[in-house]
Amino acid sequence: MKLFSVLACFLAGTTTSVALPTEDVAKTVFSPMTWTGQVNIGGPLVSIAGTAEEIYKEIVKINPNYDNELGINSNSSTLAERGLEPLKKRATTSSDWTCAYGNDIIAESVGVGVRYLYSIANGACSAPPGSPGDGGCTTTTCNSGAGIFLCNDSSYTLTVTCSIVADNAVEVLINCQSSTYAGSNTWTTITHGQIFSDDHTWNVILNQC
């Protein structure tokens, strides 16, 4: 399956089945992410810890109409602004990326995480203080062994709009992916990599979780 199809399927909310590798892999353990944003229109800011998927599920418990009011189906949806054009470079990303970091993960599983990040894009994702080469990292998403990590190389807590984290994950997907034919007219696409902010104070990593 080509990359555009992978992202379009998950951003549209549909899925296809891909077999994951069966071998054991080393797990990277990072801190939980804290999301801060509005759950109700005009309501106070709320902070929720967890992955984007866990945070989203908590949000819709509080406000079952969140998707239509503030989330992915709202008029201000970040996803709507993207126009489902995953092959177009994002203005919020840099060109400083590498495919040499991390281990193979299934691109479609990353796509699930990207959708959840866009689903909570009206709020901010955070990462604890760190230092260059020893960043303070949070697990923003972890789906079927595929993680999207936000790492902070500065000495203060990092707060980044969740849509920017998603955009950077998409940028790595665009540049660091390879597909192999899996038979029956299906393809398996793998990816991994890292992308840095323009000022090198934070980065986003695609790796096993």
Side-chain angles (χ1 to χ4, degrees), residues 3 6-16 18 20-21 25-37 47-61 66-67 71-72 77-79 82 84 86 90 92-93 97 101-128 135-152 158-177 189-197 202-209:
L3 180 59
V6 169
L7 289 171
C9 283
F10 280 100
L11 293 177
T14 59
T15 64
T16 55
V18 175
L20 292 172
V25 295
K27 304 296 183 181
T28 302
V29 179
F30 291 157
S31 303
M33 176 182 71
T34 297
W35 174 89
T36 303
S47 293
I48 305 173
T51 64
E53 180 176 5
E54 293 166 343
I55 291 165
Y56 172 76
K57 289 179 178 178
E58 288 299 314
I59 289 172
V60 295
K61 283 182 182 178
Y66 167 81
D67 282 346
I72 206 164
S77 169
T78 302
L79 180 58
R82 297 301 186 270
L84 291 180
R90 311 304 196 192
T92 57
T93 64
W97 48 265
Y101 188 95
N103 299 299
D104 288 347
I105 51 178
I106 299 297
E108 288 193 60
S109 298
V110 176
V112 175
V114 166
R115 179 175 172 82
Y116 276 114
L117 283 168
Y118 282 137
S119 294
I120 60 172
N122 69 304
C125 295
S126 68
C137 298
T138 56
T139 305
T140 67
T141 71
C142 181
N143 296 279
S144 299
I148 301 174
F149 303 98
L150 175 63
C151 294
N152 180 13
L158 172 70
T159 302
V160 179
T161 303
C162 295
S163 61
I164 294 179
V165 179
D167 284 351
N168 279 271
V170 170
E171 192 69 18
V172 176
L173 277 171
I174 291 171
N175 292 289
C176 302
Q177 54 88 23
T189 302
I190 59 173
T191 185
H192 57 77
Q194 182 177 28
I195 185 169
F196 295 89
S197 63
W202 57 271
N203 61 89
V204 171
I205 295 170
L206 303 189
N207 197 10
Q208 293 171 349
C209 60

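- With contacts defined as side-chain heavy-atom distances shorter than 4.5 Å, the pair Thr140/Trp35 does not qualify.
- When all heavy atoms of Phe149 and Cys209 are compared, the pair lying nearest together is CZ-CB, 3.7 Å.
- In this structure, Thr51 and Glu54 have side chains that are in contact, with non-hydrogen atoms separated by less than 4.5 Å.
- For the pair Ser163 and Tyr118, the tightest heavy-atom approach, listed with the atom from each and the gap, is O-CE2, 3.8 Å.
- Here CD of Gln208 is found 4.5 Å from CG of Asn103. Values are rounded to the nearest 0.5 Å.
- No side-chain N or O of Asn207 forms a donor-acceptor pair with one of His192 less than 3.5 Å apart.
- Contact record, Ile55 with Met33: CD1-CE, 3.5 Å, taken as the closest heavy-atom pair.
- We find the CD-CH2 distance between Glu171 and Trp97 to be 8.0 Å, quoted to the nearest 0.5 Å.
- Side-chain atoms of Tyr56 and Asp67 form a donor-acceptor pair, as typed in the model, at a separation below 3.5 Å.
- Side-chain contact between Cys125 and Leu117: present, with at least one pair of heavy atoms (C-beta onward) separated by less than 4.5 Å.
- Rounded to the nearest 0.5 Å, atoms CD1 (Ile105) and CD (Gln177) are 12.5 Å apart.
- Summarising the geometry, atom CD1 belonging to Ile195 is positioned 9.0 Å from atom CD1 belonging to Ile174; distances are rounded to the nearest 0.5 Å.
- With 3.5 Å as the limit, one finds a donor-acceptor pair spanning the side chains of Ser47 and Thr36.
- Note that the SG atom of Cys162 and the CD1 atom of Ile148 stand 11.0 Å from one another [nearest 0.5 Å].
- Residues Asn143 and Tyr116 have side chains that never bring a donor and an acceptor to within less than 3.5 angstrom of each other.
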List the steps and the verdict of side-chain contact (heavy atoms from CB on, under 4.5 Å) for Ile59 and Ile120.
CA-CA 9 Å; Ile59 289 172; Ile120 60 172; 3.8 Å; yes
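- With a 4.5 Å cut-off on side-chain heavy atoms, Val112 and Thr141 do not count as touching.
- Here Glu53 pairs with Lys57 under the salt bridge (charged side-chain N to carboxylate O under 4.0 Å, His left out) rule; sequence neighbours left out.
- For Ser126 against Thr34, the heavy-atom pair with the smallest separation is OG-O, 3.0 Å.
- Nearest heavy atoms, Ala127 versus Leu150: CB-O, 3.7 Å.
- Atom CH2 of Trp202 sits about 12.0 Å away from atom OG1 of Thr159, to the nearest 0.5 Å.
- One N or O on the side chain of Asn152 and one on the backbone of Pro128 form a donor-acceptor pair closer than 3.5 Å.
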Kindly indicate, with the supporting measurements, whether the criterion side-chain contact (heavy atoms from CB on, under 4.5 Å) is fulfilled by Thr189 and Ile106.
CA-CA 6 Å; Thr189 302; Ile106 299 297; over 6 Å; no
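- Here the closest heavy-atom approach between residue Cys151 and residue Ile205 is recorded as SG-CD1, 3.8 Å.
- Just one residue in the list Ile164, Val165, Val170, Val172 forms a side chain to side chain contact (heavy atoms under 4.5 Å, CB included) with Asn168, and that residue is Ile164.
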